[in-house]
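Working notes, beginning with the structure itself.
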Amino acid sequence: MRYAVLGTGEVGRTLGGKLVELGHTVVLGSRTKDNPAALEWARGAGSGASAGTFAEAAGAAEVVVNAVAGRASLAALEAAGASRLDGKVVLDVSNPLAFEDGEARLSPVESDSVGEQIQRVFPHARVVKSLNTVNCQVMVDPARVPGEHQVFVCGEDAAAKQQVTALLGEFGWPADRVLDLGGIRAARSVEMWLPLWLDVMRGFGHADFNLELRRAR
């Protein structure tokens, strides 16, 4: 398939690289066509990799992955253009994180989420929130963490969630470990996991961990 991965940070480059490895075509999108990180990634990622603007990436794609920082996501997607998102699955892996005075802050939080904001601003996009609860290396290689740990999806479009679940399967997530939390409103809860994730990461000293949920039968 043809993917746009918006964002040239570690998350975007990792996801884009895995998609190319799996045989997909990927345009890594950024604000400018000559972004050095995107061009370097495209040179090294393989024959299916290229770089372009947010608009070029989204226009060429069947699926758009938002790997931009949460607070910059709407601006990036607006630069991509609503018409280039209409009808497409938009996989949002972002978190609304910023560090202020040395402390991690979330905005929005509790009464809203980045996932919901994206769906409101782009009502014809098929937004699915997923993968934001794990480190980018675990996103594309869940076997880094032993056990039957889970990843979440939420969104309004059932077929879009099925498509994302299939992509997660390509990354190595078995379908029975993908938990559907319902509509896009559930993006609030998975985004609010991030402060606890940061505290656990500091305690462990690394990011190779995840939640394993158990329930009584």
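Only heavy atoms go into these numbers, but all of them, side chains included; no hydrogens, no water, no symmetry mates.
Annotation for R31: atom CZ does not count as buried by contact number, only 12 or fewer foreign heavy atoms lying within 6.0 Å. When the shell of 6.0 Å around CD of E110 is examined, it contains 12 or fewer heavy atoms from other residues, nucleotides or ligands. Under a cut-off of 6.0 angstrom, the local environment of CD in E78 is crowded, with over 12 non-hydrogen atoms contributed by other residues, nucleotides or ligands. In the displayed structure, R177 atom CZ is contacted under 6.0 Å by more than 12 heavy atoms of other residues, nucleotides or ligands.
Within the 3.5 Å criterion, the main-chain N or O of D208 finds no donor-acceptor partner in the side chain of R144. W197 places no side-chain N or O within 3.5 Å of a backbone atom of N210 that could act as its donor or acceptor partner. Panel note: side chain Q119, backbone A125; a donor-acceptor pair is recorded below 3.5 Å. The closest donor-acceptor contact from the side chain of Q150 to the backbone of E148 lies under 3.5 Å. Looking only at distances, a side-chain donor or acceptor of K129 sits under 3.5 Å from a matching main-chain atom of S94. Not one N or O on the side chain of E156 forms a donor-acceptor pair closer than 3.5 Å with the backbone of V127.
The closest side-chain heavy-atom distance from V109 to M192 is below 4.5 Å. Counting heavy atoms from C-beta outward, I118 and L74 have side chains that approach closer than 4.5 Å. Within the 4.5 Å cutoff, no side-chain heavy atoms of M139 are placed close to those of T14. Side-chain contact between D157 and V128: absent, with no pair of heavy atoms (C-beta onward) separated by less than 4.5 Å. Considering only heavy atoms from C-beta on, L97 comes within 4.5 Å of L198 through its side chain. For the pair Q163/E62, no side-chain contact is recorded, criterion being any heavy-atom separation below 4.5 Å from C-beta on. Side-chain contact check for Q117 versus D112: some heavy-atom pair is nearer than 4.5 Å. Side-chain atoms of L106 and P195, non-hydrogen and from C-beta on, do get closer than 4.5 Å to each other.
Criterion: ILVMFWY side-chain heavy atoms under 4.5 Å apart, direct or through other members. Under it, V114 and F99 are not part of a common hydrophobic cluster.
Nearest heavy-atom pair, F171 versus L15, reported as atom, atom and distance to 0.1 Å: CE1-CD2, 3.9 Å. Heavy-atom minimum distance, L28 versus A38: CD2-CA, 3.9 Å. Heavy atoms only, all atoms of each residue included: R202 and D199 are closest at NH1-OD1, 2.8 Å.
Remark: E103 does not engage R105 in a salt bridge, criterion side-chain N to carboxylate O under 4.0 Å. Salt bridge status for E170 with K18: absent, with no side-chain N to carboxylate O gap under 4.0 Å.
Remark: Y3 engages H24 in a ring-ring contact (aromatic ring centres under 6.0 Å, His included) (not counting sequence neighbours).
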Going through the distances and angles, do L168 and V153 end up as a side-chain contact (heavy atoms from CB on, under 4.5 Å)? CA-CA 10 Å; L168 297 177; V153 296; 4.0 Å; yes
Assess the residue pair N35 and W41 against the criterion (side-chain contact (heavy atoms from CB on, under 4.5 Å)); give the C-alpha distance rounded to whole Å, side-chain angles, the decisive distance to 0.1 Å, and a yes or no. CA-CA 10 Å; N35 180 282; W41 174 86; over 6 Å; no
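The residue from N95, L131, T133 that alone fulfils the side chain to side chain contact (heavy atoms under 4.5 Å, CB included) condition with V190 is T133.
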